[in-house]
Amino acid sequence: MDYEKIKQTRNDEGFGKRLGIVYTDVSEGSCDAELVMKDQFLNLHRTVHGGILLTLADVTGGTAACSHGSSVVTIDSNYHFLRAGSDVTKLRAHAREIKAGRKIMVYDVTIYDQNDTLLGEGIFSYMPTGDRQYE
């Protein structure tokens with residue numbers, strides 16, 4: 001599998017690229033990504049907006065699922081917001097494979113701030129589309 005191709009394709013992708021998400025490592029069943037904080041990612045309390053955390057977790061898990069060669073779509077997620085992200089300058093996400101089946105793929109995704117404080121964790125499920133664009 002060409003993990004560099006997956007990483008480059010995902011880094012050039014419209015939505016994630018517009019937010020500034022950078023995929024730093026992709027390997028079989030795993031992905032690491034980073035997002036430098038911007039003021040527009042904060043909520044009224046000046047902490048990281050939950051939508052940013054959930055989005056980063058979802059796309060990081062989806063990229064890990066793509067490491068098997070197929071594009072995927074999200075079919076389910078269960079994310080836990082564990083701490084408010086105060087004074088955050090960078091978010092780091094890590095996705096770890098739990099199961100890579102033919103029809104359902106499941107990943108545990110954690111998000112930390114620049115000080116290694118765990119902000120959230122979730123389980124994300126994806127369905128391969130059959131489009132083998134990453135091989």
Side-chain angles (χ1 to χ4, degrees):
M1 189 60 50
D2 188 348
Y3 301 119
E4 282 300 313
K5 178 181 178 186
I6 296 169
K7 187 170 75 170
Q8 189 60 50
T9 299
R10 299 292 284 202
N11 278 327
D12 291 340
E13 184 177 58
F15 183 63
K17 183 177 181 178
R18 182 172 178 89
L19 290 176
I21 296 170
V22 176
Y23 301 93
T24 58
D25 186 58
V26 177
S27 58
E28 184 174 341
S30 177
C31 178
D32 292 310
E34 295 180 346
L35 178 62
V36 173
M37 284 299 297
K38 301 175 185 173
D39 281 343
Q40 60 261 41
F41 297 162
L42 300 176
N43 61 26
L44 294 174
H45 307 286
R46 303 294 297 163
T47 60
V48 181
H49 191 285
I52 291 295
L53 295 169
L54 189 58
T55 296
L56 180 59
D58 180 35
V59 298
T60 303
T63 301
C66 289
S67 72
H68 295 284
S70 177
S71 294
V72 299
V73 294
T74 307
I75 58 173
D76 189 43
S77 66
N78 183 6
Y79 187 79
H80 300 276
F81 300 94
L82 302 175
R83 286 178 188 81
S86 300
D87 300 316
V88 174
T89 59
K90 182 187 284 188
L91 297 170
R92 293 181 306 100
H94 175 71
R96 176 188 63 83
E97 188 170 273
I98 296 172
K99 177 186 188 264
R102 289 182 301 112
K103 295 185 178 182
I104 296 176
M105 308 170 89
V106 182
Y107 293 80
D108 177 65
V109 185
T110 51
I111 297 185
Y112 296 87
D113 69 9
Q114 72 279 358
N115 298 316
D116 292 328
T117 302
L118 179 64
L119 300 180
E121 182 171 19
I123 302 296
F124 291 77
S125 301
Y126 305 91
M127 180 181 69
T129 64
D131 176 8
R132 308 291 296 177
Q133 75 180 58
Y134 296 111
E135 291 186 316

> Would you find more than 12 non-hydrogen atoms of other residues, nucleotides or ligands less than 6.0 Å from Ile104 atom CD1?
no
> I'd like to know if the side chain of Asn43 reaches the main chain of His45, judged simply by a donor and an acceptor atom lying under 3.5 Å from each other, with no hydrogens or angles considered.
yes
> Side-chain heavy atoms under 4.5 angstrom apart, residues restricted to Ile, Leu, Val, Met, Phe, Trp, Tyr: same cluster for Tyr79 and Val73?
no
> In this structure, would Leu91 and Val22 fall into the same cluster of hydrophobic residues linked by side-chain contacts under 4.5 Å?
no
> Please report the closest heavy-atom contact between Ser30 and Ala64, naming both atoms and the distance.
C-CB, 3.7 Å
> Any side-chain heavy-atom pair from Val59 and Phe124 closer than 4.5 angstrom?
no
> Does some side-chain heavy atom of His94 sit less than 4.5 Å from a side-chain heavy atom of Asp25?
no
> With rounding to the nearest 0.5 angstrom, report the CE to CD1 distance, Met127 to Ile75.
6.5 Å
> With hydrophobic residues grouped by side-chain heavy-atom distances under 4.5 Å, do Ile123 and Ile111 end up in a single group?
no
> Keeping the roles fixed (side chain from Thr129, backbone from Ser71), state whether a donor-acceptor pair exists under 3.5 Å.
yes
> Nearest 0.5 angstrom please: Tyr107 OH to Thr63 OG1, how far?
10.5 Å
> Has Gln114 got a side-chain atom pairing as donor or acceptor with Asp87's backbone, closer than 3.5 angstrom?
yes
> Counting N and O atoms only, with roles assigned by atom type, does the side chain of Ser70 sit under 3.5 Å from a partner on the main chain of Gly130, one being a donor and the other an acceptor?
yes
> Could you tell me which non-hydrogen atom of Ile21 sits nearest to which non-hydrogen atom of Ala33, and how far apart they are?
CG2-CB, 4.2 Å
> Would a hydrophobic clustering, with Ile, Leu, Val, Met, Phe, Trp and Tyr connected at side-chain separations under 4.5 Å, put Tyr126 with Val106?
no
> What are the two closest heavy atoms between Lys38 and Arg18, and how far apart are they?
NZ-O, 4.0 Å
> Got a second to check how far Leu119's CG is from Leu82's CG, nearest 0.5 Å?
8.0 Å
> Hey, could you give me the CE/SG distance between Met105 and Cys66, rounded to the nearest 0.5 Å?
8.0 Å
> Evaluate the side-chain proximity of Val88 to Phe41: yes if any heavy-atom separation is below 4.5 Å, no if none is.
no
> State the CZ-OG1 distance between Arg92 and Thr60, to the nearest 0.5 angstrom.
11.5 Å
> Which atom names give the shortest non-hydrogen contact between Leu118 and Arg83, and what distance separates them?
O-NH1, 2.7 Å
> Say whether, by atom type as modelled, one donor and one acceptor occur between the side chain of Asp108 and the main chain of Arg96 under 3.5 angstrom.
no
> Do you know the tightest heavy-atom contact between Ser67 and Ser27?
CB-O, 3.3 Å
> Looking at Arg46 and Asp39, is any side-chain nitrogen of the basic one under 4.0 Å from a carboxylate oxygen of the acidic one?
yes
> Looking at Lys99, I'd like to know if its NZ atom is crowded, meaning that more than 12 non-hydrogen atoms belonging to other residues, nucleotides or ligands lie closer than 6.0 Å.
yes
> What distance do Thr55 atom OG1 and His49 atom NE2 have between them, rounded to the nearest 0.5 Å?
9.5 Å
> Can you name the closest pair of heavy atoms from Asp116 and Tyr112 and give their distance?
O-CD2, 3.5 Å
